[in-house]
Asks: 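Below are the structure tokens for one structure; questions will follow.
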Amino acid sequence: MSETKKTDEAVIPQQAQAPAGDSADREVLLRVEGLKKHFPIKKGILQRQVGAVKAVDGIDFEVRKGETLGVVGESGCGKSTMGRVITRLQDPTGGTITFDGRDITRLRTGQMRPLRRDIQMIFQDPYGSLNPRHTIGSIVSAPFRLQGVEPEGGVKKEVQRLLELVGLSPEHYNRYPHEFSGGQRQRIGIARALALKPKLVVADEPVSALDVSIQAQVVNLMDDLQEELGLTYVIIAHDLSVVRHVSDRIAVMYLGKIVELADRTSLYEAPMHPYTKALMSAVPVPDTKRRGQKSERILLRGDVPSPIAPPPGCRFHTRCWKATDICRTTEPQLLELRPGQRVACHHPEDFADQAPQDTVLLSAAKEASELVSTGAAAEPAASARTDTAEEPATEDDAQAKPAADTAAEPGADAAEKPAAEAEETAGAAAADEPAADAAEKPAADADVADEPASDVTTGTGADADAEPDVAKESAAAAEAAAGAGATQTGPGARTSTGRAGSEAAASAEEPAAGTDSQESTGK
Amino acid sequence: MTELSKTGAAVGEPTSASQPPKAFLEVRDLKVHFPTDDGLVKSVDGLSFSLEKGRTLAVVGESGSGKSVTSQAIMGLHRLGTRGKNVRMTGEIWLDGKELISAAPGEVRKLRGREMAMIFQDPLSAMHPYYKVGDQIVEAYRVHHDVSKKVARKRAIEMLDRVGIPEPAKRVDGYPHEFSGGMRQRAMIAMALVNNPELLIADEPTTALDVTVQAQILDLIRDLQKEFGSAVIMITHDLGVVAEIADDVLVMYGGRCVERGRADEVFEKPQHPYTWGLLGSMPRIDRDTSERLIPVKGQPPSLINVPSGCAFHPRCPYADIPKGNVTRTVRPELEQVSTGHWSACHLPAEDRERIWTEEIAPKL
Amino acid sequence: MISYILRRTFAAVILLLVVSAVTFAIFFLLPRLAGQTADQLAQQYIGKSPSKADIAAVKHNLGLDQPVYVQYWHFIKGIVAGATYDLGPTTVHCDAPCFGYSFKNHQAVWPELTSRIPITLSLAVGAAVLWLVSGVVAGVISALKPRSFLDRTFMGIALTGVSLPMFFTGNLAILLFTYQVPIFGRTYVPLTENPAEWANTLFPAWCSLALLYSAIYARLTRSGMLETMNEDFIRTARAKGLRERTVVTRHGLRAALTPIITVFGMDLGLLLGGAVITESVFSLPGVGQYAVQGITDNDLPKILGVTLLAAFFVVFANLLVDVLYAAADPRVRLS
């Protein structure tokens with residue numbers, strides 16, 4: 001996995017996105033176009049179809065040889081269904097699946113069978129996916145029997161080699177699954193999946209059911225195997241941290257559609273879709289300094305709408321703090337707005353507004369933004385932190401203010417120690433980097449800068465505009481800052497003025513110091 | 001955490017075992033053993049800690065560490081049911097001046113659900129599928145308050161509203177399976193808090209939930225704690241959650257406490273190889289991850305055949321550093337590292353310091 | 001729910017028609033295929049030592065020389081509109097619903113059945129209540145104290161009960177408690193006449209029948225309860241501070257009983273079709289006895305009638321059980 005970081009960010013965006021030589025030049029192994037999977041709902045005396053659960057409702061992506069595509073999303077987003085459909089464990093309702101150049105969408109069972117050597121699946125539940133009545137030797141050798149493959153040296157030898165490959169002892173050939181722990185069972189599942197040297201392995205939540213320390217073992221194992229055997233993975237998971245670790249490219253799904261598809265660096269450092277941003281901000285980070293900042297947390301209201309009746313237009317508009325009228329009426333297309341980053345959004349974060357003429361927020365968005373104000377609040381502290389790691393005390397003061405403001409906001413525990421926080425934030429510059437920081441860096445670096453329009457109502461946008469002389473970078477920083485939290489409403493406006501103030505103050509130093517500080521505050 | 005000596009008694013207090021402590025909740029040398037056909041399962045083997053009202057203690061550990069067993073021991077749940085006769089619980093659990101292990105089961109029952117309440121990991125299976133959510137909350141209320149169903153129902157609606165469930169008057173008649181995951185967990189929280197308990201134990205309340213919902217629930221718990229001033233024990237394996245919400249941390253391994261202290265100290269300067277292992281195995285969303293994860297080698301220990309000496313020694317990369325093979329033979333006692341920060345490790349403090357600053361921290 | 005019931009009822013009617021057709025085919029088509037002539041069939045139909053005239057009458061009335069589907073059509077028509085049989089000297093009218101006419105004892109089948117159903121019902125329902133209560137109680141106690149003395153005793157009795165055949169237990173019961181020590185009555189007395197005597201006569205029959213089924217229910221309840229008491233919601237109930245008694249009944253039993261009730265419904269449905277052996281042993285003039293008569297006498301109309309009745313009860317019990325389950329478990333969505 002790439003070592004891209006600070007150093008790269010200062011340079012051209014292109015490099016930041018490309019992990020060590022790949023992507024664009026590799027051939028496509030799996031291509032999915034317009035894939036749909038609907039589960040019919042039948043009601044009434046005559047059992048007529050009255051509706052359908054649109055689990056997967058039109059997605060496009062491709063997976064290249066040797067890379068790992070991570071698919072993330074929450075419950076109801078359709079990622080598990082997608083996993084089963086692309087391996088043809090279930091039949092798609094629409095769209096096409098092309099594997100290794102061949103259209104496998106409508107192949108019958110018999111025709112699919114030989115292909116099953118090349119497409120394999122690892123399942124989530126290590127306890128349920130192994131037949132308790134079979135020995136593990138039998139389980140791992142089953143693929144050979146079913147496909148009529150005779151490896152040289154015999155099946156048993158090959159199975160033992162596989163067991164060793166995944167870190168199990170070959171002597172366990174005759175043991176039963178219940179004699180193993182969860183992590184070991186998952187390894188058995190991996191061994192089974194790899195038996196016939198598949199080209200593509202789809203892993204459905206391979207580590208969610210495991211303890212943290214075991215997760216790490218299995219993640220490393222999958223990593224190693226990929227290198228050794230040149231595997232291509234599609235990893236479906238809900239844990240963003242794990243996905244960040246294992247994937248080259250990541251697709252974020254929401255209610256049956258892909259809302260963002262980007263390479264790892266771009267996604268985690270500069271997510272463009274509001275949902276991605278919200279998702280990332282919600283992940284709790286093992287860093288106690290972040291506490292008190294109820295912060296950077298974008299709280300999405302309510303629950304995911306039902307896939308039976310997905311909202312019209314952009315599916316996320318009911319919970320998005322930036323939704324405008326166009327979001328309700330027109331579904332945004334998944335477009336490659338930046339090289340290597342595709343987003344389906346009318347008002348992407350940190351980027352040119354795709355529908356700049358539409359600025360009136362929907363009422364739901366206004367409500368949603370209340371929850372987000374706290375997020376925005378933390379941004380400036382964060383951005384100031386990273387951007388100005390070496391800045392003089394003045395910076396710190398300027399930071400202290402917004403930090404204090406934001407602390408006051410939620411009226412939460414933060415209020416108790418704004419001073420302490422300011423210190424912490426200033427001091428912790430080098431040490432920790434919340435995701436939001438990451439968001440700002442590329443924003444600051446990349447000469448994107450546009451934006452205020454995309455950023456919701458009052459405060460930030462206005463402020464940013466009010467300071468046209470502020471270097472592009474600081475504007476971008478402010479924008480990104482606001483972006484992460486999106487904010488608005490009273491408190492939001494308050495902080496944004498504060499923020500803009502400090503930003504303006506910092507602006508002079510920022511453009512110059514920005515890139516420097518980024519390079520030096522290595523992670 | 002009030003300062004505790006090794007045995008768990010507050011420093012400055014007489015260490016006599018039957019003296020009620022000053023702390024709101026104090027556990028002293030708790031042992032919970034289950035005799036089974038395969039042998040004696042030592043789920044909790046000598047655990048001590050204390051907690052004050054208004055503070056949150058996170059109990060961290062993986063499966064088999066004993067964290068759930070501890071919380072259920074506090075609630076007195078082990079003595080119920082068919083296994084109740086066999087369980088062997090020793091030690092002391094003091095809740096607000098009352099000792100629970102030696103108390104009569106009827107006494108403890110009266111405290112359950114009122115002074116101390118618990119919320120569980122999977123709200124779908126934790127609620128009875130046949131009864132309406134409102135009815136289940138009403139039941140929780142009426143067990144401890146002699147009121148009419150009508151009054152109780154009003155209280156139930158009030159609680160549902162308090163935990164953020166929209167349209168509570170309608171949802172009160174819904175069944176658990178009709179709620180979404182997050183709403184269900186909120187309903188469970190409502191059910192637990194309906195009697196304003198002073199101690200809330202949350203056993204992995206967000207593990208089964210989506211990450212955005214998890215954020216909402218953690219916020220809710222934090223708010224409610226502030227409002228009611230209760231003590232909260234949060235059991236989790238997710239260090240991110242710990243950092244979010246805990247004042248104090250207790251790391252468990254093999255039924256024992258390996259490290260204990262204030263959350264920021266434990267994260268800043270962890271003092272036990274297992275804690276290092278946990279921190280190293282976690283993939284982090286806030287860090288760029290080019291490094292491989294550093295897993296803890298091996299498997300969690302059997303609680304029947306707990307490794308001799310230090311329970312962690314088979315998996316510890318530093319087991320050979322302490323002299324005299326002590327890690328394999330002598331069980332390490334909790335030793336104070338700094339004020340309020342304890343660790344049970346044979347590694348000399350200087351070695352720990354060195355390993356942390358030179359080897360572990362840079363990689364995280 | 002309503003649409004579900006309607007759909008199932010519709011399906012049930014179809015099913016009953018199919019059952020009747022199949023039964024009809026077994027009785028009237030198969031012998032033909034096996035080579036029997038109409039005369040031989042008529043002879044069988046009428047039973048032992050018939051006269052030539054009788055045979056001819058039967059043959060004509062039942063249309064035995066006609067194709068099977070015509071016969072079937074007449075049969076169905078009879079159910080709806082009644083049928084008339086010309087027996088030469090006399091004409092017999094079988095009122096609707098006419099499920100056949102026994103040429104043996106010269107009675108229409110339906111009135112016979114209706115007069116016997118209450119007896120079978122008394123037997124079946126009484127025994128059912130007994131076996132349900134005893135089985136469940138024993139099962140619950142066993143589950144709460146697994147491997148205790150009580151548990152082993154209950155399971156032991158249950159095992160014995162299910163292993164001993166009815167003609168043994170039944171006869172033993174009669175011998176001991178009706179004859180040797182005359183506690184119980186000997187002849188059946190309808191409920192409406194004298195409830196006390198009714199119960200008195202039926203009691204040994206109830207017990208013998210219950211012993212047979214109780215075992216299954218005790219085991220089912222035991223395993224169901226053991227599983228249920230390990231569920232998370234039991235832990236929550238305890239955590240709320242409920243008394244253990246409440247936890248066991250309101251939370252545990254309520255959940256564990258649902259699948260048992262459904263099995264119960266099926267068992268009762270089958271039993272209503274005629275507890276043949278029990279009725280014979282205890283000389284109860286119920287549907288089962290009627291069936292035995294028909295079989296011994298080779299009286300096809302009787303057999304056909306009983307078969308259809310039994311089918312009806314089973315199908316109905318099936319539907320009732322599904323509806324009950326949905327009513328008990330709010331998670332179940334009928335579709």
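Residue numbers start from 1 in every chain, and the chains themselves are labelled A, B, ... in the order their sequence lines are given, proteins ahead of strands. What's counted below: heavy atoms across the whole structure, side chains too, no hydrogens, waters or symmetry copies.
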Asks: With a cut-off of 6.0 Å (strictly less than), are more than 12 heavy atoms of other residues, nucleotides or ligands near NZ of Lys154(B)?
Replies: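 Not buried by this count: 12 neighbours or fewer within 6.0 Å.
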Asks: Lys240(C) side chain to Arg114(B) main-chain N or O, any donor-acceptor pair under 3.5 Å?
Replies: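 Judged by distance alone, no pair lies under 3.5 Å.
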Asks: Does any backbone or side-chain atom of Ala237(C) lie under 4.5 Å from a heavy atom of chain B? Answer side chain, backbone, both or neither.
Replies: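 Neither; nothing under 4.5 Å.
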Asks: Heavy atoms only, distances under 4.5 angstrom: which of Thr258(C), Val247(C), Val248(C) has the most pairs with chain B? Name it, please.
Replies: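 Option with the top pair count is Thr258(C).
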Asks: Side chains of Phe120(B) and Arg235(C): does their closest heavy-atom pair fall under 4.5 Å?
Replies: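 Touching, per the 4.5 Å side-chain cut-off.
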Asks: Run through Pro176(B), Ser125(B), Pro129(B) and flag the one making a side chain to side chain contact (heavy atoms under 4.5 Å, CB included) with Phe233(C).
Replies: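 Going through Pro176(B), Ser125(B), Pro129(B) one by one, the side chain to side chain contact (heavy atoms under 4.5 Å, CB included) with Phe233(C) is satisfied by Pro129(B) alone.
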Asks: Name the member of Leu226(C), Asp232(C), Thr246(C), Asn230(C) that forms the most heavy-atom pairs with chain B at distances under 4.5 Å.
Replies: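 Among Leu226(C), Asp232(C), Thr246(C), Asn230(C), the one with the most close pairs to chain B is Asp232(C).
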Asks: When you measure from the side chain of Arg238(C) to the backbone N and O of Leu77(B), does any donor-acceptor pair fall under 3.5 Å?
Replies: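 A pair under 3.5 Å: no.
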Asks: Counting only heavy atoms not in Phe203(C), do more than 12 sit closer than 6.0 Å to its CZ atom?
Replies: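 No - once you tally the heavy atoms of other residues, nucleotides and ligands closer than 6.0 Å, there are 12 at most.
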Asks: Answer with side chain, backbone, both or neither: which region of Met127(B) has an atom nearer than 4.5 Å to a non-hydrogen atom of chain C?
Replies: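 Met127(B) touches chain C through backbone heavy atoms alone.
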Asks: Hey, is CZ on Arg219(C) packed in by over 12 heavy atoms from elsewhere, all under 6.0 Å?
Replies: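 For Arg219(C), atom CZ is not crowded (no more than 12 foreign heavy atoms under 6.0 Å).
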Asks: Select one option (side chain, backbone, both, neither) describing which atoms of Tyr141(B) are under 4.5 Å from chain C's heavy atoms.
Replies: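 Nothing of Tyr141(B), per the 4.5 Å heavy-atom cut-off to chain C.
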Asks: Looking at Phe34(B), I'd like to know if its CZ atom is crowded, meaning that more than 12 non-hydrogen atoms belonging to other residues, nucleotides or ligands lie closer than 6.0 Å.
Replies: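 Counting neighbours around CZ of Phe34(B), more than 12 heavy atoms of other residues, nucleotides or ligands fall under 6.0 Å, so yes.
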Asks: So how far is it from His128(B) NE2 to Thr236(C) OG1, rounded to the nearest 0.5 Å?
Replies: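 OG1 of Thr236(C) is found 10.5 Å from NE2 of His128(B).
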Asks: Under a 4.5 Å heavy-atom cutoff, which of Lys145(C), Glu231(C), Arg250(C), Met229(C) has the most pairs with chain B?
Replies: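 With the most close heavy-atom pairs to chain B, the winner is Arg250(C).
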Asks: Salt bridge check, Glu244(C) against Arg109(B): does any charged N sit closer than 4.0 Å to a carboxylate O?
Replies: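 Glu244(C) and Arg109(B): not salt-bridged.
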Asks: Please indicate whether Glu227(C) has more than 12 foreign heavy atoms, meaning atoms of other residues, nucleotides or ligands, lying under 6.0 Å from its CD.
Replies: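 No, not enclosed.
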Asks: Give the minimum heavy-atom separation between Pro146(C) and Thr82(B), together with the two atoms involved.
Replies: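 Closest pair (atom of Pro146(C), atom of Thr82(B), distance): CD-CG2, 3.5 Å.
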Asks: Is a side-chain donor-acceptor pair under 3.5 Å present for Glu139(B) with His251(C)?
Replies: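 Short answer, yes.
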Asks: Given that the side chain runs from C-beta out, which part of Gln121(B) has a heavy atom under 4.5 Å from chain C: side chain, backbone, both or neither?
Replies: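 Neither part, no heavy atoms under 4.5 Å.
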Asks: Are there residues of residues 126-144 of chain C that reach to under 4.5 Å of chain B by heavy atoms, and which ones?
Replies: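 Ala143(C), Leu144(C), listed by number.
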Asks: Between Tyr130(B) and Arg331(C), is there a cation-pi geometry (under 6.0 Å to ring centre, at most 45° from the normal)?
Replies: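 Pair Arg331(C)/Tyr130(B) does not count as cation-pi.
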Asks: Please state whether the side chain, the backbone, both or neither of Ala117(B) comes within less than 4.5 Å of a heavy atom of chain C.
Replies: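 Interface part for Ala117(B): neither.
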